[in-house]
Amino acid sequence: DVRFEQGTSLTVMFPAEFALNLAVFNSYADRLSGGEVSLQRSEKTKSTAIQQNGTAYASIPPGDYELIVHANTQNIAQQQIQMRGDKKMEILTSQGSLLHTMLLSFGVLFLVGAIGFLVWKRKVGAGLKLITIGLLIIALVSPWWSLQGGTGAVSTTTNTMVMPPKLLTLTKSSNATGGEISAVPDEVTMVLGLLSVLVGVTCLFIIVSLLMEKRLRKTSKIVSTLSIIVILLTLVVFYYALSQLTQVGVGSFMGSGTLDITIPGQSVQTAVPCSWGPSISFYLVILSFVLLVFSFFMKRITDRFSRKE
């Protein structure tokens, strides 16, 4: 028991803090390996480092906070959060991916080299096949289907990738930046992963056909035919799977309309005019299919003319 004399005042504080566990990703859903998370409230800031495995932890009192993710002195995510108890969150930031940038650069350099080979050596068949490989490398790390929309204050982008096999949404407003990894059926994830395998198999078949072209011509033709079949299968599988998914989500594989978009950290949705449809990778794969077919039939026509002569 505690007794107080008359006129005595006492301030009693009951400390209450809740655990905030964060999983922080870059714009390609790979975990960040560094950076810092700041939590601001009433002109006070508490910071915590992002660990090597992309996680961050903070113990903070209840209240409303402004959460900001920093990397290389840049704000790559920002949103409001409410702490009323222990909380776990996944944050998709605007930070790019080093792996995807390297693969994209390699694909572009390979493509430029293949075009140079075609012009210099004037070997159209081999040149077109090498160009196809460059296009498919770029397609692996680029969006296959995308949704884009915006107003004066809000912009949103959803990209369907095969590396990784996910649908990734990034939304920005004047006071918020962030995104989410869209929840899709396991079958969709499996199909997207299958597409990357099919593209890889196509590249392998093209390389094998080039290596066998002089010594084993018949085998080379068979492998070239297989590459055409596989890349056609890739297009058909992607179109069918995304048509089924978008029919449930936005209503069609390609189109436009006004959608209700959730801004990170806010419960109120905003109506945003959007358009959606196949993205760069889909068209690159179509172009690759056309080049392979043209290379295949051009080779056969050339062989016939050489026999007649």
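In this chain, residues are counted from 1 in sequence order.
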Minimum heavy-atom separation for [X] and [Y], please, with both atom names.
| X | Y | result |
| --- | --- | --- |
| Ile206 | Ser227 | CG1-CB, 4.2 Å |
| His70 | Ser38 | NE2-OG, 3.0 Å |
| Pro264 | Ala176 | O-CB, 3.8 Å |
| Ser196 | Met163 | CB-CG, 4.3 Å |
| Ala23 | Arg31 | CB-NH1, 3.6 Å |
| Ser97 | Tyr28 | CB-CD1, 3.5 Å |

Would you please test Thr156 and Thr171 for side chain to side chain donor-acceptor pair (under 3.5 Å) and show each step? CA-CA 4 Å; Thr156 186; Thr171 303; 3.1 Å; yes

Side chains of [X] and [Y]: does their closest heavy-atom pair fall under 4.5 Å?
| X | Y | answer |
| --- | --- | --- |
| Leu130 | Leu118 | no |
| Leu104 | Ile138 | yes |
| Phe18 | Pro61 | no |
| Gln266 | Asn175 | yes |
| Leu168 | Met161 | yes |
| Met89 | Gln79 | yes |
| Val230 | Leu232 | no |
| Leu167 | Asn159 | no |

Val208/Thr219 under side-chain contact (heavy atoms from CB on, under 4.5 Å): CA gap, chis, key distance, verdict: CA-CA 9 Å; Val208 171; Thr219 304; over 6 Å; no

With the 4.5 Å side-chain cut-off for hydrophobic clustering, are [X] and [Y] part of the same group?
| X | Y | result |
| --- | --- | --- |
| Val237 | Leu245 | yes |
| Val268 | Leu67 | no |
| Val108 | Leu111 | yes |
| Phe294 | Ile229 | no |
| Tyr240 | Leu194 | no |

Full working for side-chain contact (heavy atoms from CB on, under 4.5 Å) between Phe117 and Lys123: CA-CA 8 Å; Phe117 174 84; Lys123 294 184 177 181; 4.2 Å; yes

[X] side chain to [Y] backbone, donor-acceptor under 3.5 Å:
| X | Y | answer |
| --- | --- | --- |
| Thr151 | Val154 | yes |
| Asn53 | Thr55 | yes |
| Ser295 | Leu291 | no |
| Lys46 | Ser59 | yes |
| Thr93 | Phe25 | yes |
| Ser256 | Ser275 | no |
| Ser105 | Thr101 | yes |
| Ser252 | Met254 | yes |
| Ser243 | Tyr239 | yes |
| Asn26 | Gln95 | no |

Would the number of heavy atoms belonging to other residues, nucleotides or ligands and lying under 6.0 Å from CG of Asp260 be above 12? yes

Counting only heavy atoms from other residues, nucleotides and ligands, does the tally under 6.0 Å from CG of Leu216 exceed 12? yes

Atom pair [atom1]/[atom2] of [X] and [Y] - distance to nearest 0.5 Å:
| X | Y | atom1 | atom2 | result |
| --- | --- | --- | --- | --- |
| Phe238 | Thr160 | CZ | OG1 | 6.0 Å |
| Gln78 | Ser173 | CD | OG | 8.0 Å |
| Ile137 | Ser142 | CD1 | OG | 11.5 Å |
| Ile60 | Lys87 | CD1 | NZ | 9.5 Å |
| Gln80 | Gln40 | CD | CD | 9.5 Å |
| Leu20 | Tyr57 | CG | OH | 9.0 Å |

Aromatic contact between Phe282 and Trp145, with the criterion being ring centroids under 6.0 Å apart: yes or no?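 Here the rings of Trp145 and Phe282 have centres that are no less than 6.0 Å from each other.
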
Quick one, Gln269 with Thr262, criterion side chain to side chain donor-acceptor pair (under 3.5 Å). Give me CA distance, side-chain angles, the key distance, then yes/no. CA-CA 5 Å; Gln269 293 183 322; Thr262 301; 3.2 Å; yes

List for me each residue that meets side-chain hydrogen bond (donor to acceptor under 3.5 Å, both in side chains) alongside Ser224, sequence neighbours excluded, and say none if there are none.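 Per chain and number, Ser224 pairs via side-chain hydrogen bond (donor to acceptor under 3.5 Å, both in side chains) with Lys129.
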
Start with the C-alpha gap between Glu180 and Thr169, add the side-chain angles, then the distance that decides, and say whether side chain to side chain donor-acceptor pair (under 3.5 Å) holds. CA-CA 5 Å; Glu180 63 178 355; Thr169 298; 4.8 Å; no

Hey, mind stepping through Ile50 and Val37 against side-chain contact (heavy atoms from CB on, under 4.5 Å) and telling me if it holds? CA-CA 7 Å; Ile50 300 174; Val37 176; 3.8 Å; yes

Please determine which of Leu226, Ile231, Val285 meets the side-chain contact (heavy atoms from CB on, under 4.5 Å) test together with Thr202.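 So the option named by the test is Ile231.
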
Option among Leu32, Leu92, Ile68, Thr177 that satisfies the side-chain contact (heavy atoms from CB on, under 4.5 Å) test with Ile76: Leu32

Other ILVMFWY residues reachable from Leu98 by side-chain steps of under 4.5 Å: Met102

Between Leu259 and Leu147, is a side-chain contact (heavy atoms from CB on, under 4.5 Å) present by the stated rule, with each step listed? CA-CA 11 Å; Leu259 302 177; Leu147 179 150; 3.5 Å; yes

Under the salt bridge (charged side-chain N to carboxylate O under 4.0 Å, His left out) test, residues paired with Arg84 that sit two or more places apart: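 So Arg84 forms a salt bridge (charged side-chain N to carboxylate O under 4.0 Å, His left out) with Asp64.
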
